[in-house]
Asker: 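I have a structure here, written as structure tokens, and I will follow up with some questions on it.
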Amino acid sequence: MKENNIPRRDFLKKLGFGIAATTIATTGCDNKKNPVVKEHIANGELPKGKMTYRTNPNTGDKVSLLGYGCMRWPTFTDEEGKSTGEIDQEAVNRLVDKAIEYGVNYFDTAPVYCRGKSEYATGVALKRHPRDKYFIATKLSNFNKKTHSREGAMEMYRNSFKELQVDYIDYLLLHSLGGGGVENYENRYVKNGMIDFLMEERKAGRIRNLGFSYHGDKEMFDYLMSLHDTIHWDFVQIQLNYVDWHHSRGVSAEYQYMELEKRGIPVVIMEPLLGGRLSKVHDHVAEKLKRRSPESSIASWAFRFAGTWPGVLNVLSGMTHMEHLDDNIRTYSPLKPLSDEEKEFLEETAQMMQKYPTIPCNDCQYCMPCPYGLDIPAILLHYNKCINEGTMPASSQDPKFREARRAFLVGYDRSVPKLRQADHCIGCRKCVPLCPQKIKIHREMERINQFVETLKQNKEF
């Protein structure tokens, strides 16, 4: 800032706002969508009976390449249009019915999704269909010390059967391994005897496939691979997309995929869109993708990338809205695998995206609830939205600065209630170890709050 003798460029750099991402636009950062971003759903007739399937080599299951991630079921909204947190069961039923009608047969949920309500909502929707028409995946999400005990973990495991209204689970995952390393894995599954119990449940047929979902570093991934001869992982769920293939913060998606493929372990993909960021890319990236394939949605590029790899059994998508489901059905009915040249094109796109300093928040909600009331995902998503739409206020010398400044602040207040904004963070760091993306959340809250306060005071950069 000027009074502190810090040049504008250095101040922006200190805050983490790259110059390339500070284009001023006349559209706001609130609920209005940028025209380039808004188009991203393809149109046309929805193909029926053309879904791409992959065969599970362990069981012979014919699994739809498109899987339904049940972490973001639609909810009712209040008078201001904000979610009440209560799942709209009728909307869920309609989504599930259409998914099954067009060939989707893999549904992935967890005890902790949708504030603990996802398994029940998923079970209600699926129970209306014959059991042999779908595969259910859920997780043993024993994250806290209470559920580390055998009693706590067993209660969670058995409750999944009750909530889902089933007597067997097709795909059971040890949830989010990697964080906390070997000690965390042993506390959650080994010392309490749960891994031995789950292997016995697999023998009894109450679990048909046993695997894990992964967020961690290379060392821990290698350790889990070393257990394969003993446990025999039936499948593994990893984060894979065209950015994380080479540019992941932790172990690359390419490394994980190749290690699984050479062992013959089927791969389930999560975060093919990086929490939606690959469907709401910066204008410059969107224009490049649209020039290449005008009739395709932006999201379809990411889904084609994830589905192209032959060792991939299933690609999950959290489809809250019907248009998202329709778009993904088009992409996978049938899948058109990427050529080598198209893979190179997406790698160039990934490198371009590295220039835009968005925060890698996937809105997974694992950091919530914050003990001090912050809506952490909403804060980060508003920031990312403004970066991607090119509406970040950059310079008080710019003639459109006042307009962009107001749009950012108004959008911030609309997206995040004042008592839940970044200025209420005390830096307790309780959220940091919970984040699968390894975001230093307390630092991002401090940085964003500094930027917001500068805008409010209308100081020069």
Side-chain angles (χ1 to χ4, degrees), residues 21 29-42 66-75 82-83 95 108 113-114 118 215 237-245 247-249 253 269-286 289-290 296-307 315-332 346 349-350 352-354 356-368 375-391 411 415-416 435-437 439 444:
C29 297
D30 50 19
N31 293 325
K32 298 177 183 178
K33 291 186 177 181
N34 182 285
V36 179
V37 177
K38 185 170 64 175
E39 57 59 46
H40 299 324
I41 301 297
L66 175 60
Y68 217 120
C70 306
M71 188 171 75
R72 299 184 176 94
W73 282 133
T75 58
K82 296 185 181 297
S83 173
L95 288 165
D108 172 90
Y113 289 172
C114 301
S118 176
H215 296 281
Q237 185 169 303
I238 64 172
Q239 181 169 313
L240 186 152
N241 50 70
Y242 64 80
V243 173
D244 284 328
W245 187 250
H247 307 284
S248 173
R249 283 190 167 192
I269 301 305
M270 57 183 164
E271 302 297 350
L273 289 179
L274 266 177
R277 281 179 285 148
L278 298 187
S279 64
K280 301 172 183 177
V281 296
H282 191 280
D283 291 2
H284 295 82
V285 178
L289 293 171
K290 291 303 290 184
S296 301
S297 69
I298 298 300
S300 68
W301 281 100
F303 282 102
R304 286 180 63 205
F305 180 87
V315 180
L316 296 171
S317 177
M319 298 168 281
T320 308
H321 304 292
M322 194 68 76
E323 57 265 32
H324 298 156
L325 173 59
D326 290 352
D327 190 50
N328 292 340
I329 288 172
R330 290 188 182 94
T331 300
Y332 285 142
L346 285 183
T349 305
M352 180 185 298
M353 291 186 67
Q354 300 306 299
Y356 304 108
T358 54
I359 300 167
C361 174
N362 293 339
D363 193 23
C364 68
Q365 303 283 328
Y366 289 2
C367 58
M368 299 293 285
D375 191 340
I376 297 168
I379 295 167
L380 300 181
L381 292 175
H382 173 71
Y383 166 84
N384 283 345
K385 181 175 184 287
C386 293
I387 289 289
N388 284 331
E389 293 183 356
T391 57
S415 301
V416 190
C435 178
Q437 304 304 320
I439 301 169
E444 299 295 353

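Sequential numbering from 1 along the given sequence is applied to the chain's residues.
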Asker: I'd like to know if the side chain of Tyr383 and the backbone of Ile359 have a donor-acceptor N/O pair within less than 3.5 Å.
Answerer: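 Absent.
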Asker: Do Phe305 and Trp245 have ring centres separated by under 6.0 Å?
Answerer: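 Aromatic pair counts; centres sit under 6.0 Å.
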Asker: Please check: side-chain N/O of Ser118 versus main-chain N/O of Cys70, any donor-acceptor pairing under 3.5 Å?
Answerer: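 Such a contact is found between Ser118 side chain and Cys70 backbone.
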Asker: Donor-acceptor pair, Lys290 side chain versus Val285 backbone, under 3.5 Å?
Answerer: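 No.
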Asker: CE/Met270 to CG/Asn241 distance, rounded to the nearest 0.5 angstrom?
Answerer: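 One finds 10.5 Å between CE of Met270 and CG of Asn241.
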Asker: Leu289 and Tyr242: which non-hydrogen atoms are nearest, and at how many Å?
Answerer: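 That would be CD1-OH, 4.1 Å.
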Asker: Could you tell me which non-hydrogen atom of Met368 sits nearest to which non-hydrogen atom of Asp375, and how far apart they are?
Answerer: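 Minimum heavy-atom contact is CE-CA, 3.9 Å.
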Asker: Ala302 and Leu273: which non-hydrogen atoms are nearest, and at how many Å?
Answerer: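 The pair with the smallest heavy-atom distance is CB-CD2, 3.6 Å.
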Asker: Answer yes or no: is there a donor N or O on one side and an acceptor on the other, between the side chain of Arg304 and the main chain of Trp301, under 3.5 Å?
Answerer: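 A pair under 3.5 Å: no.
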Asker: Which heavy-atom pair separates Ser297 from Asp327 by the least distance, and what is that distance?
Answerer: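 Between these two residues, the closest heavy atoms are OG-OD2, 2.7 Å.
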Asker: As a quick check of understanding, evaluate side-chain hydrogen bond (donor to acceptor under 3.5 Å, both in side chains) for Thr331 and Ser300, giving each step before the final call.
Answerer: CA-CA 6 Å; Thr331 300; Ser300 68; 4.7 Å; no
Asker: Would a 4.5 Å heavy-atom cut-off, applied to side chains only, mark Leu240 and Pro272 as touching?
Answerer: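 Not in contact.
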Asker: Please name the pair of heavy atoms, one in His382 and one in Gly411, separated by the smallest distance, quoted to 0.1 Å.
Answerer: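 Minimum heavy-atom separation between His382 and Gly411: CE1-C, 3.4 Å.
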Asker: Using every non-hydrogen atom in the two residues, find where Ala306 and Ile269 come nearest and quote the distance to one decimal.
Answerer: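 That closest heavy-atom pairing would be CB-CG2, 4.2 Å.
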Asker: Would you say Thr320's side chain and Arg72's backbone share a donor-acceptor pair under 3.5 angstrom?
Answerer: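 Confirmed, Thr320 side chain pairs with Arg72 backbone.
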Asker: Nearest 0.5 Å please: distance from the CG atom of Leu66 over to the CG atom of Leu325.
Answerer: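 Rounded to the nearest 0.5 Å, the CG-CG separation comes out at 7.0 Å.
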